[in-house]
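Accompanying notes for the structure given below.
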Amino acid sequence: MPTADELLSADTVTTLARLLARAGGRRSAPALTARAAALDGLTYSGRVAAVRDAVLADLPEDWPAFEAVVRTALAEPGFEGWMTFPVNEAVAVRGLAAFEPGLELLRDLTPRLTAESAVRPFLRADPDRALAVVRPWTGDPDPHVRRLASEGTRPRLPWAPQLPAFVADPRPALPVLDALHRDPSEYVRRSVSNHLNDISRDHPGLAVETAARWLAEPAGTTDRVVRHGLRTLIKAGRPEALTLLGHAPDVPVAVHGPVVTTPRVAVGEYLVFDYAVTNTGELPAELVIDYVVHHTKANGTRTPKVFKLVTRRLAPGDTLGGTRRHSFRPITTRRYHSGEHLVQLQVNGRVRGEAVFSLDAT
């Protein structure tokens, strides 16, 4: 993972200051130059905010003049990459009052580095007005712009403010996904999948209904788009999602395990278990095999987390099995507690076997 200094270094900000000063017909950009010398100790998000504010200080307050400087910079060699991210954020501040011209400038900036977070203030301020600008981007010849239409309208885009209107009702943005789910670019289709997965977290029925529409007239890439887009529902064992993808919850199988071979595990060690699944039916079975670890909390209750094992087509009478090593290494996103834990084997969303083990977190 790149460091904050590798993404937005003093040299990068100094170069940005030079480029924007030249684009504005000035000898210097004093706020940016000063900020370049005062980045130490700032996180990446802190650097973005600080450089954004310096851009706003150095560029004209009047929108047409501000836009003219940025568009002139777009023609400058070297105006690209991470230095443009805080410029995008400055456009989101200065361009919100102009609205449509602000969004169109972000469309032109996004090939330099995604403007996915910078379009969100527009969508939060006036979703209908913003979507009227964004929807035509789905036909843009540049895949970066097409992806911006999908990624920028995601209800729950990571590391960016949520879009409350689309969390409550994602349907206004569905025409964007309908236009892009068969896009020739994997880069764009991956965004569509992630957007559909966002929808599934709050509106699982709508996500499955949308996926079913796409599968009714599929391209060669549609199955992959849908599988990735419904991944949260698949891991949660939602029968409507599993059935849509051919993984019948009542599939005839015999399950052996999980058989825990490490009944006592310390933090930093591995839980090890064996498993085997046999197709006892007369037809091939499409199987999604997962395992669920129920972590014991401080109050003695447990919280489950699903982990992938394998997705496989299994012929009648055939057996699929193996050994899984699950790490209990310390991680910042989870605090382990000593006590009896549970591991389950899940086949097509249904629990088919379970075993207990003890975790020592001392």
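When only modelled atom types and interatomic distance are considered, Asn194 and His228 share a side-chain donor-acceptor pair under 3.5 Å. Side chain to side chain, Asp5 and Thr3 fail the donor-acceptor criterion of an N or O pair below 3.5 Å. Of the N and O atoms on the side chains of Thr278 and Thr280, not one donor lies less than 3.5 Å from an acceptor on the other residue. Side-chain contact annotation: His294 with Gln344, donor-acceptor N/O pair under 3.5 Å present.
Salt bridge status for Arg71 with Glu104: absent, with no side-chain N to carboxylate O gap under 4.0 Å. A salt bridge does not link Arg35 with Asp53: every distance from a Lys NZ or Arg NE/NH1/NH2 to an Asp or Glu carboxylate oxygen is 4.0 Å or more. With respect to Arg227 and Asp223, a salt bridge is recorded, a charged nitrogen being found less than 4.0 Å from a carboxylate O. Salt bridge present: Asp290 and Lys308 bring a charged side-chain N and a carboxylate O closer than 4.0 Å. A salt bridge links Arg147 with Glu116: the distance from a Lys NZ or Arg NE/NH1/NH2 to an Asp or Glu carboxylate oxygen falls below 4.0 Å. A salt bridge does not link Arg189 to Asp183: none of the charged side-chain nitrogens sits closer than 4.0 Å to a carboxylate oxygen. A salt bridge between Arg107 and Asp142 is absent, with no side-chain N of the basic residue lying under 4.0 Å from a carboxylate O of the acidic one.
The salt bridge (charged side-chain N to carboxylate O under 4.0 Å, His left out) analysis of residues 125-138, with sequence neighbours excluded, yields the pairs Glu100-Arg129.
Residues Trp159 and Tyr44 keep their aromatic ring centres 6.0 Å or farther apart. Taking the six-membered ring for Trp and the full ring otherwise, the centers of Phe307 and His326 sit less than 6.0 Å from each other. Side-chain rings of Phe328 and Tyr270 stay apart, their centers remaining 6.0 Å or farther from each other.
Tracing side-chain contacts under 4.5 Å through hydrophobic residues (I, L, V, M, F, W, Y), one reaches Leu59 starting from Leu56; they form part of the same cluster. Clustering ILVMFWY residues whenever any of their side-chain heavy atoms sit less than 4.5 angstrom apart, transitively, puts Val134 in a cluster other than the one holding Tyr187. Taken together through direct or relayed side-chain contacts under 4.5 Å among Ile, Leu, Val, Met, Phe, Trp and Tyr, Leu123 and Val192 form parts of separate hydrophobic clusters. Hydrophobic clustering (ILVMFWY, side-chain heavy atoms < 4.5 Å, transitive): Val306 and Leu245 are in distinct clusters. Val176 and Val133 end up in different hydrophobic clusters when Ile, Leu, Val, Met, Phe, Trp and Tyr side chains are linked at under 4.5 Å.
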- Intermediate values then yes/no, salt bridge (charged side-chain N to carboxylate O under 4.0 Å, His left out), Asp198 and Arg154: CA-CA 7 Å; Asp198 278 7; Arg154 282 179 59 181; 3.0 Å; yes
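Here Arg313 pairs with Glu286 under the side chain to side chain donor-acceptor pair (under 3.5 Å) rule; sequence neighbours left out. Evaluation of the salt bridge (Lys or Arg N to Asp or Glu O under 4.0 Å) rule for Arg22 yields Glu76 as partners, not counting sequence neighbours.
Geometric assessment of Arg324 against the ring of Phe273 yields a negative cation-pi assignment under the 6.0 Å and 45° thresholds.
Counting heavy atoms from C-beta outward, Leu39 and Val13 have side chains that approach closer than 4.5 Å. Side-chain contact check for Val293 versus Leu342: every heavy-atom pair is 4.5 Å or farther apart. The side-chain heavy atoms of Pro127 and Phe166, taken from C-beta on, include a pair separated by under 4.5 Å.
Nearest heavy-atom pair across Leu131 and Ala173 is CD1-N, 4.3 Å. Heavy-atom minimum distance, Leu16 versus Met83: CD2-O, 3.6 Å.
Exactly one of Thr153, Thr210, Ile199 qualifies for a side-chain contact (heavy atoms from CB on, under 4.5 Å) with Leu177. That residue is Ile199.
In this structure, the separation between CG on Leu244 and CG on Leu233 is 10.5 Å, given to the nearest 0.5 Å.
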